[in-house]
Every structure is written in C-alpha cells, then in structure tokens.
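Take a look at the structure below.
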Amino acid sequence: MTLIDHPVEARATTNVETMTMAAALNRALADAMAADESVLMFGEDVGALGGVFRITDGLTARFGEKRCFDTPLAESGIMGFAVGLAMNGMRPVVEMQFDAFAYPAFEQVVSHVAKLGNRTRGALRMPIVIRVPFGGGIGGVEHHCDSSEAYYAHTPGLTVVCPATPQDAYSMLRAAIDSPDPVVFLEPKKLYWSKGPVDTSVRETLGHARTVRDGSDVTLISYGSSVQIALDAASVASTEARSVRVVDVRTLTPCDDDTIFAAVRATGRAVVVAEAAGFASVAAELVARIQENCFSFLEAPVLRVTGFDVPFAPPKLEKYYLADVDRVLDAIDALGWDS
C-alpha cells in the first residue's frame, strides 16, 4: 500500500513530475531562492558537495557562493548567524547535517529563534527555516538517527513540520520559507529516496493534518516515515475485515486537532504510530489530547506504537527498535473488539 494521492494531484496540470523526496526538497529550495533574493541556504558541506544527502546539490552553482555556502563545523555559530541575518531582513534556511548534530545549537533555537518575536512584540520576526534530517531507517550509527521532534514541539514559538510524501516535502518547505516566523523542518532520512508525484504549483498552509486513507473501525495517527508503516498495517488489517483510517499529522505544532479528533470520533478507536521513544513524546501528547477531547466517543483506550525508551539501536538491531507493521497490528488487536 502506498500513500494515496495528494488531493490537488487529481486535477489536470502540466506541473506534475515524479521525483524523490530529496529532489522535491532541492526543487523547493531552488524555486524559493529564485523567487526571493533574501533566501539564503547555508550549513556544513551544503555548498560544492551539495550536502550529505545531496539536498542542496547544484544550488551554489546556480545562485553563487553568497547565497548557498558552507559554514564551519559549529552548529551554535550557524544558528547564531541565522538569527543575525533574520534580524536584518534576510530569510535564512540552515541545514543541521544530522538530527543529533543540532543539539549544540539548541540554546540558540530556544532562547532566541523561538522567543525574539514575542520578546519584541513582533518588531523582530524570525523567518528562519531549520532543516533537520532526522530519524532512522538508514542503518546509521548513534548520533545520526535521533528522533528529536519532541524537543522542538515542546518549545512555544516554533512551528514543527514533518512531511511524509515528496509532494508535502515540496509544498510545505515552500510554505516554511515563506513563513514570517521560525519553522523546524524535519526531513525523514528514510524517505529521501521515496518517489511520488509533485505538483510545483501547489501552495500549502502549515498546520493542517491530512486523512490519507479512509476507514470506519480504527484510526491510525502518524507522521513522517511512520505514515507508510500505518498504511501498510491498514492494508493488512483490511484482509481481516477491519476498516482502518490513517491520518498524517504533517505539522506537529500547531497541531490540527480538528482533523485528528474528527477521525477518532468517527471510528471510536485510535493508535498513534511514531518512530521516537514513547516517554514524553509527540505520540504521548497526541494520546493525551485525544483522551481529553474524544473520551465519550472511545470504545477502548488510545494506544501507542513507538520506539523504545533506550538510545537508538546499532544498525544490525535497528529493525527491532523501529515500529513495524506487526507491532501496529498487535495494537489494533488489543483495542477491545469483544467488548
């Protein structure tokens, strides 16, 4: 089972191309830089090399070293530099080379990026996009496969985005760059080479979840690379006469409560599926919000299928750490169908 088409893809258009998520992100950056000279792209190895995952490939050649350039290996410096540029009218897009490499910049993100707009009553806005390749599924080692979304989602002042399709990667990155306020843009490394149709004419607004599969018995709620796990589980469950709805959260904060709650109220059962460790996680927050707002509609407690509360596993053990279809199906089976 693959992700269903984005709604806008059903219409006739000459702008649709099939591309990988990596290519969609590259196109979004190029189109944004072409449209607005204040957009700058910088980070470690993003220039001539084109980034570790080649997301910035060709941008320096096209736009020059003043608009796409390499920085020293100092994430706190990268972030501080972005703050200064944003204060002076630029729209910096920065790449944190890997998820866990971003932690040295975390103080800048929390103390300045997230707070300056509020601190100055809107006089200084922070139109910064922080691109973070995150999550596992690539056989990486420790410090290269963290799911760090909860740190950012917990911080007021940040919008946190996580696409699951090439279409959303393109249109949501364009929306993030256009935003007058800071956006943490989480890119699931596992999905960089996934392919899908991309309509470059689509314009997205952040803060909206999307139902990617309809169903009437149970709702699976997910984001990023775990959306495909949820869809695969829904496909298997359908052979057992269970109708499973799947919701892609897409924007972790601000969270689209309306779409999520409507889906859960329609089915009466829900499972949240995510790659990150479960304790104090985005998945835990989603469960709490559903329990508080949909309690009278629930036929069973809301369950979670997440990573384990341990450091990320080494490559040979990674498959045991990540949520998979079997664990999701076990959760569905535990939802009190005989009551």
Side-chain angles (χ1 to χ4, degrees), residues 1-10 18-21 24 134-138 147 149 161-172 186-199 204 208-252 255-256 259-260 262-264 266-276 282-283 286-287 290 302-307 318-319 321-335:
M1 181 70 186
T2 56
L3 292 172
I4 69 171
D5 289 342
H6 195 283
V8 296
E9 291 160 4
T18 297
M19 61 181 75
T20 64
M21 180 177 285
F134 94 119
I138 62 166
S147 293
E149 60 267 34
V161 173
C162 184
T165 67
Q167 176 66 60
D168 280 348
Y170 177 86
S171 53
M172 295 179 80
L186 301 169
E187 301 170 5
K189 298 191 290 289
K190 182 181 179 181
L191 299 183
Y192 274 149
W193 300 277
S194 64
K195 290 185 177 181
V198 176
D199 184 345
E204 187 66 68
H208 299 284
R210 182 164 62 93
T211 298
V212 295
R213 177 179 175 130
D214 202 11
S216 57
D217 293 335
V218 56
T219 299
L220 301 181
I221 301 147
S222 191
Y223 55 90
S225 62
S226 295
V227 173
Q228 189 61 56
I229 302 298
L231 283 166
D232 291 342
S235 182
V236 175
S238 69
T239 66
E240 301 172 354
R242 285 184 180 156
S243 177
V244 181
R245 185 175 302 202
V246 179
V247 174
D248 178 3
V249 177
R250 303 203 299 168
T251 302
L252 308 187
C255 187
D256 182 1
T259 298
I260 295 169
V264 174
T267 62
R269 292 176 172 86
V271 178
V272 179
V273 184
E275 183 175 317
V282 170
L286 290 169
V287 170
I290 293 167
V302 183
L303 301 182
R304 284 178 289 167
V305 177
T306 68
E318 184 180 52
K319 65 180 180 180
Y321 175 87
L322 297 173
D324 61 15
V325 169
D326 287 340
R327 289 176 61 196
V328 176
L329 292 173
D330 287 344
I332 292 174
D333 288 341
L335 288 174

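The first residue in the sequence is number 1, and the count goes up from there.
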Between E275 and K190, is there a salt bridge with N-O shorter than 4.0 Å?
-> no
Report the residue from V272, L303, I221 that forms a side-chain contact (heavy atoms from CB on, under 4.5 Å) with V287.
-> V272
Euclidean distance, S222 OG relative to I229 CD1, rounded to 0.5 Å | 8.5 Å
When rounded to the nearest 0.5 Å, the distance separating OG of S225 from CG of L186 is 11.0 Å
Compare every heavy atom of G224 with every heavy atom of D248, then report the nearest pair and how far apart it is.
-> OD1-N, 4.4 Å
R210 and T165, any side-chain heavy atoms less than 4.5 Å apart = yes
Nearest heavy-atom contact between P166 and G196 is CG-N, 3.6 Å
Any side-chain heavy-atom pair of R250 and D256 under 4.5 Å = no
Value rounded to 0.5 Å, distance of CD1 in I138 from CG in L191 | 11.5 Å
Minimum-distance pair of heavy atoms, taken over all atoms of V271 and A331 = CG1-CB, 4.0 Å
Between P163 and A169, what is the shortest heavy-atom contact and its length?
-> CB-N, 3.7 Å
With side chain to side chain contact (heavy atoms under 4.5 Å, CB included) as the test, would you mind laying out the steps for V328 and V236 before giving the verdict?
-> CA-CA 10 Å; V328 176; V236 175; over 6 Å; no
Decide yes or no for L286 and C255: does some side-chain heavy atom of the first lie under 4.5 Å from some side-chain heavy atom of the second?
-> yes
Hey, does T211 have a side-chain heavy atom less than 4.5 Å from the side chain of R245?
-> yes
Nearest non-hydrogen partners of L220 and A230, listed with the distance | CD1-O, 3.4 Å
Nearest heavy atoms of A274 and A323, plus distance in Å = O-CB, 4.1 Å
Distance, nearest 0.5 Å, that separates CE of M21 from NZ of K189 | 13.0 Å
Walk me through it: do L231 and R213 pass the test side chain to side chain contact (heavy atoms under 4.5 Å, CB included)?
-> CA-CA 8 Å; L231 283 166; R213 177 179 175 130; 3.8 Å; yes
What's the spacing between L329 CG and R242 CZ if we round to 0.5 Å?
-> 9.0 Å
Residues D199, Q167; criterion side chain to side chain contact (heavy atoms under 4.5 Å, CB included); working and verdict = CA-CA 7 Å; D199 184 345; Q167 176 66 60; 3.6 Å; yes
Please test Y223 against E149 for side chain to side chain contact (heavy atoms under 4.5 Å, CB included), starting from the C-alpha separation and ending with a verdict.
-> CA-CA 11 Å; Y223 55 90; E149 60 267 34; 2.5 Å; yes
Minimum side-chain heavy-atom gap D217-T267 below 4.5 Å | no
Using modelled atom types only, decide if a donor and an acceptor are shared between the side chain of R304 and the backbone of A283 within a distance under 3.5 Å.
-> no
Interatomic distance, CG@D232 vs OG@S226, rounded to 0.5 Å, equals 11.0 Å
